[in-house]
Every structure is written in structure tokens, then in C-alpha cells.
Amino acid sequence: MESLLPYLINTVAGSGGGFLGNMLKPNALGSVGNLIAGAVGGNVLPLALGALQMFAPGNMWVNILVAVLGGGAGSLIGGLFKKAA
């Protein structure tokens, strides 16, 4: 269970970031789309930064902040792909 907790926190924080991205209506994917894109982005950005060792993986508050930023970024990127298609 302890190994799943960081992913659960990143998913919830990323979904929150995706929800915040939903407030930017020009790039919105809809409520469910932004939550899913946010959850994915909330897990991808911390993994990518962890692989690059850009922040200490032990600091939970930094991880949560990065997950929220990743969720917002995932939502915005998904919206841009939707506009381009």
C-alpha cells in the first residue's frame, strides 16, 4: 500500500490541476476530459522530474505542487491537441 500512496496523491492532485485547467474554457476538454488529462499529467510530470533528479523525491509538498502543475499542464496540452484536430 505504501508504494501506491504517491501515485494516488499525484492522481488526486493532478485531477485538481486538471479541474483548474477546465476553468480556461478556450482549451477545455470538458469536466471528465480535464480530470483524466490532469490525472495523467499529475503522474507524468513528477516521474519525468524524478528521472531527471530535479527535486528531492522525499519532499511530499514539492511532489504535490509538481503534480498539480503537471495536471494543469496535461489538461492544457490535451486542449491544444483537441483544437488542432
Side-chain angles (χ1 to χ4, degrees):
M1 179 68 182
E2 193 171 304
S3 64
L4 293 177
L5 188 60
Y7 296 111
L8 181 62
I9 291 172
N10 288 347
T11 300
V12 171
S15 295
F19 178 74
L20 294 176
N22 188 33
M23 293 181 187
L24 301 171
K25 292 298 180 187
N27 293 329
L29 296 171
S31 295
V32 175
N34 278 333
L35 290 176
I36 292 171
V40 170
N43 282 297
V44 170
L45 186 62
L47 285 174
L49 291 180
L52 296 175
Q53 297 177 348
M54 294 184 72
F55 66 95
N59 191 342
M60 186 175 68
W61 294 109
V62 172
N63 288 346
I64 291 173
L65 178 64
V66 168
V68 169
L69 292 175
S75 176
L76 291 175
I77 290 170
L80 291 175
F81 280 131
K82 181 182 174 185
K83 280 177 93 173

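Numbering starts at 1 and runs along the sequence shown.
We find the CG-CG distance between Leu8 and Asn43 to be 9.5 Å, quoted to the nearest 0.5 Å.
Residues Gly42 and Asn10 approach most closely at O-CB, 3.3 Å, considering heavy atoms. Listed here is the closest heavy atom pair of Leu69 and Leu45: C-CD2, 4.2 Å.
Among Thr11, Val12, Leu5, the one residue that satisfies the side chain to side chain contact (heavy atoms under 4.5 Å, CB included) test with Ile9 is Leu5.
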